[in-house]
Amino acid sequence: MISKVKNAMSTLVGGIMPHGHQHGSASIQHSGSEGLPVRFPYSRPDFLDLPVDQLQYANDHGSRPILTPQRDCRLPWRTGYAEVVNAGKSLLNEDQACCEVLFLRRSNVKQPSSSSVEEEAQQQGIPLHFWALYDGHAGSGAAIMASKFLHHVIKDQLTDILHLLENPDTAPPICLGKNGSPLQPELKTVASQGEDPETPSDPTTRFHLEKAVSLESLIMGTIETAFKQMDEQIEKEKASFSISGGCCALVVIHLMGKLYVANAGDSRAIIIHNDEVIPMSSEFTPETERQRLQYLGFLKPELLGNEFTHVEFPRRMQHKELGKKMLFRDHTMTGWAYKTIHEEDLKFPLIYGEGKKARVMATIGVTRGLGDHDLKVYNSNIYIKPFLSCCPEVKVFDMTQHEFGPNDVMVLGTDGLWDVTTNREVADAVTALLSHYKPNDPLRYTLAAQDLVMRSRGVLKERGWRLANDKLGSGDDISVFVIPLNGHAAET
């Protein structure tokens, strides 16, 4: 087994896979989809309005054309978007994107009989603006499916709590009946005279204490639940359809004056406000989630297939080093210490490599996302999905607490952008470009997105795609949204 893993790692370091992936999976092995119909045909984002005959041009790995929405296609908030295919890592662009305006409303609401704009607005319900990037690997199937469904899953989940959203000053009840009405607890905490109301002495009463839950945390949990439901739907439909690979998911929702940024993977979102950079996501990789992965391997060693060890060493241990003391760390540690090497330590490490080359079981370089249910270690029957979480981290930005100018934006990008460009460089590039265009120019944010993609892709030279400083440009798929933060005010 170890020799097979070594071969897989050699493939990763030595060259580009013709039917590759994103996120550096060495030789991803999937199963169970042979002979099944494809769930969705390959396509680019709907809002690009790309004719079928231009799909081949869009996937030209030699010229790598930068695609932007058509001039007559105005995305919500005048959002800018641009994308480019990779330099040959996969046959097709495995990124996908989605941008939608949805409305949360009760299903039994009748349409207004009059043509009053105000009445129609009231009947539409609570607006929900949605942006998402899905960075696929080992195929575009999961990314395409998520781009078609996740926003609807989130909308349905939020519709279930619409009665609470319509009354934001009311605290969410702990329990709802089958009809959605709140249920009162059987016991309430009543403090006797002289007792501390926060810590009642009666153990039965203490057990029934209610925990305060904010509407914001309820929305966050609803989004997290929707990600899990989407992942379960992909797994369920894989029994009937071919849904290739998996995908990272970065979602931004504007709801009732707040931005909810949900990230599962290594895409990134930042806010640029008054020339300040505000990170709105964290990347989830084998390095950033090392302790979670090692703890799972420690608790359930059967998931390691008797081929891997959850303990990490600075390098591979060799048989001749048995009995010697070597540096190590496990799930309980952030630093390093010494331990005596035993036979168990000679197994291949659960996490191997450093930086962008770090892999889970020598296979995949991200630890959160959707799909990958049939992903196995190269040439084995060891499934990796148990170590991959579909749950996003959700961060919230309250827009009502700030005033925004035309150059204040949120930038979303797949890792193809951030691999070669820092937060500060992105902020400076966006600010510089926007300063050359009038605030009411409808294309200024699309041009900003296009500029970011062009900068990170670079220019094709004799030694490959090169940046302005002659460093190697990004060879990955690159997708970028530039969202003006004053866009909501401009549309209302």
Side-chain angles (χ1 to χ4, degrees), residues 43-50 68-83 96-107 109 111-112 115-134 144-162 165-166 168 219-220 222-223 226-227 230 249-262 269 271 280 394 396-400 404 406 408-412 440 442-446 448-449 479-492:
S43 63
R44 300 314 308 141
D46 292 340
F47 57 77
L48 284 178
D49 196 24
L50 193 66
T68 60
Q70 301 295 315
R71 288 184 175 272
D72 59 349
C73 176
R74 186 169 182 267
L75 294 178
W77 293 15
R78 295 188 295 163
T79 294
Y81 176 81
E83 68 169 42
Q96 287 293 326
C98 181
C99 183
E100 298 283 346
V101 180
L102 309 169
F103 292 90
L104 306 179
R105 53 173 171 254
R106 301 181 187 277
S107 58
V109 172
Q111 293 299 319
S115 59
S116 166
V117 175
E118 182 178 351
E119 287 187 13
E120 287 188 17
Q122 291 176 350
Q123 295 291 345
Q124 279 185 323
I126 300 176
L128 181 152
H129 289 75
F130 181 97
W131 301 264
L133 294 177
Y134 303 100
I144 293 176
M145 184 171 175
S147 72
K148 302 290 186 184
F149 284 111
L150 183 55
H151 51 290
H152 294 298
V153 176
I154 291 176
K155 175 190 172 183
D156 291 344
Q157 291 281 347
L158 290 172
T159 300
D160 288 343
I161 60 169
L162 181 57
L165 300 178
E166 292 172 334
I219 294 173
M220 293 170 64
T222 299
I223 295 171
F227 269 67
M230 183 74 250
L250 174 62
V251 168
V252 174
I253 293 171
H254 177 261
L255 179 64
M256 300 171 62
K258 293 182 179 181
L259 289 171
Y260 294 84
V261 182
I271 284 176
M280 289 301 299
V394 183
V396 185
F397 184 81
D398 190 346
M399 296 183 69
T400 64
F404 301 104
D408 294 327
V409 300
M410 171 176 275
V411 176
L412 314 183
N440 60 352
L443 292 178
R444 70 195 306 258
Y445 302 105
T446 291
S479 300
V480 173
F481 275 121
V482 176
I483 307 169
L485 296 179
N486 69 345
H488 182 252
E491 284 191 349
T492 56

Roughly how far apart are [X] [atom1] and [Y] [atom2], rounded to 0.5 Å?
{"X": "R44", "Y": "D49", "atom1": "CZ", "atom2": "CG", "answer": "14.0 Å"}
{"X": "H151", "Y": "D156", "atom1": "NE2", "atom2": "CG", "answer": "10.5 Å"}
{"X": "K148", "Y": "Y134", "atom1": "NZ", "atom2": "OH", "answer": "11.5 Å"}
{"X": "I223", "Y": "I253", "atom1": "CD1", "atom2": "CD1", "answer": "4.0 Å"}
{"X": "L102", "Y": "L158", "atom1": "CG", "atom2": "CG", "answer": "9.5 Å"}
{"X": "L250", "Y": "M280", "atom1": "CG", "atom2": "CE", "answer": "10.5 Å"}

Given side chains that start at C-beta, do those of [X] and [Y] come closer than 4.5 Å, heavy atoms only?
{"X": "V394", "Y": "V261", "result": "no"}
{"X": "P406", "Y": "R444", "result": "yes"}
{"X": "V252", "Y": "L412", "result": "yes"}
{"X": "V411", "Y": "I483", "result": "no"}
{"X": "L162", "Y": "I126", "result": "yes"}
{"X": "Y260", "Y": "I219", "result": "yes"}
{"X": "C99", "Y": "F481", "result": "yes"}
{"X": "I271", "Y": "F397", "result": "yes"}

Heavy-atom closest contact ([X] atom, [Y] atom, distance):
{"X": "T159", "Y": "R105", "result": "CG2-O, 3.8 Å"}
{"X": "P484", "Y": "V409", "result": "CA-CG1, 4.0 Å"}
{"X": "G80", "Y": "A449", "result": "C-CB, 3.9 Å"}
{"X": "D398", "Y": "G257", "result": "OD1-O, 3.7 Å"}
{"X": "Q157", "Y": "A226", "result": "CG-CB, 4.0 Å"}
{"X": "L48", "Y": "P69", "result": "CD2-N, 3.5 Å"}

Check: Stepwise, does the side chain to side chain contact (heavy atoms under 4.5 Å, CB included) test hold for T79 with Y445?
Finding: CA-CA 6 Å; T79 294; Y445 302 105; over 6 Å; no

Next item on the list: Given side chain to side chain contact (heavy atoms under 4.5 Å, CB included), test V482 with Y81 step by step and report yes or no.
Entry: CA-CA 6 Å; V482 176; Y81 176 81; over 6 Å; no

Next item on the list: Test K258 against M399 for side chain to side chain contact (heavy atoms under 4.5 Å, CB included), laying out the working first.
Entry: CA-CA 5 Å; K258 293 182 179 181; M399 296 183 69; over 6 Å; no

Notebook entry, point to check: Of all residues at least two apart in sequence or in a different chain, which pass the side chain to side chain donor-acceptor pair (under 3.5 Å) check with E100?
Noted result: none

Next item on the list: For the pair T446 (side chain) and L443 (backbone), establish whether a donor and an acceptor sit closer than 3.5 Å, ignoring hydrogens and angles.
Entry: no

Check: Do the side chain of Q96 and the main chain of S43 share a donor and acceptor less than 3.5 angstrom apart?
Finding: yes

Check: Thinking salt bridges, do K155 and D160 make one under a 4.0 Å N-O criterion?
Finding: no

Note to self: Assess whether a salt bridge exists between R106 and E166, defined as any Lys/Arg side-chain N lying under 4.0 Å from an Asp/Glu carboxylate O.
What the structure shows: yes

Next item on the list: Could you walk me through whether I154 and V251 pass the side chain to side chain contact (heavy atoms under 4.5 Å, CB included) test, one step at a time?
Entry: CA-CA 10 Å; I154 291 176; V251 168; 4.3 Å; yes

Margin query: Is it the case that the ring center of W131 lies less than 6.0 angstrom away from the ring center of H254?
Written below: no

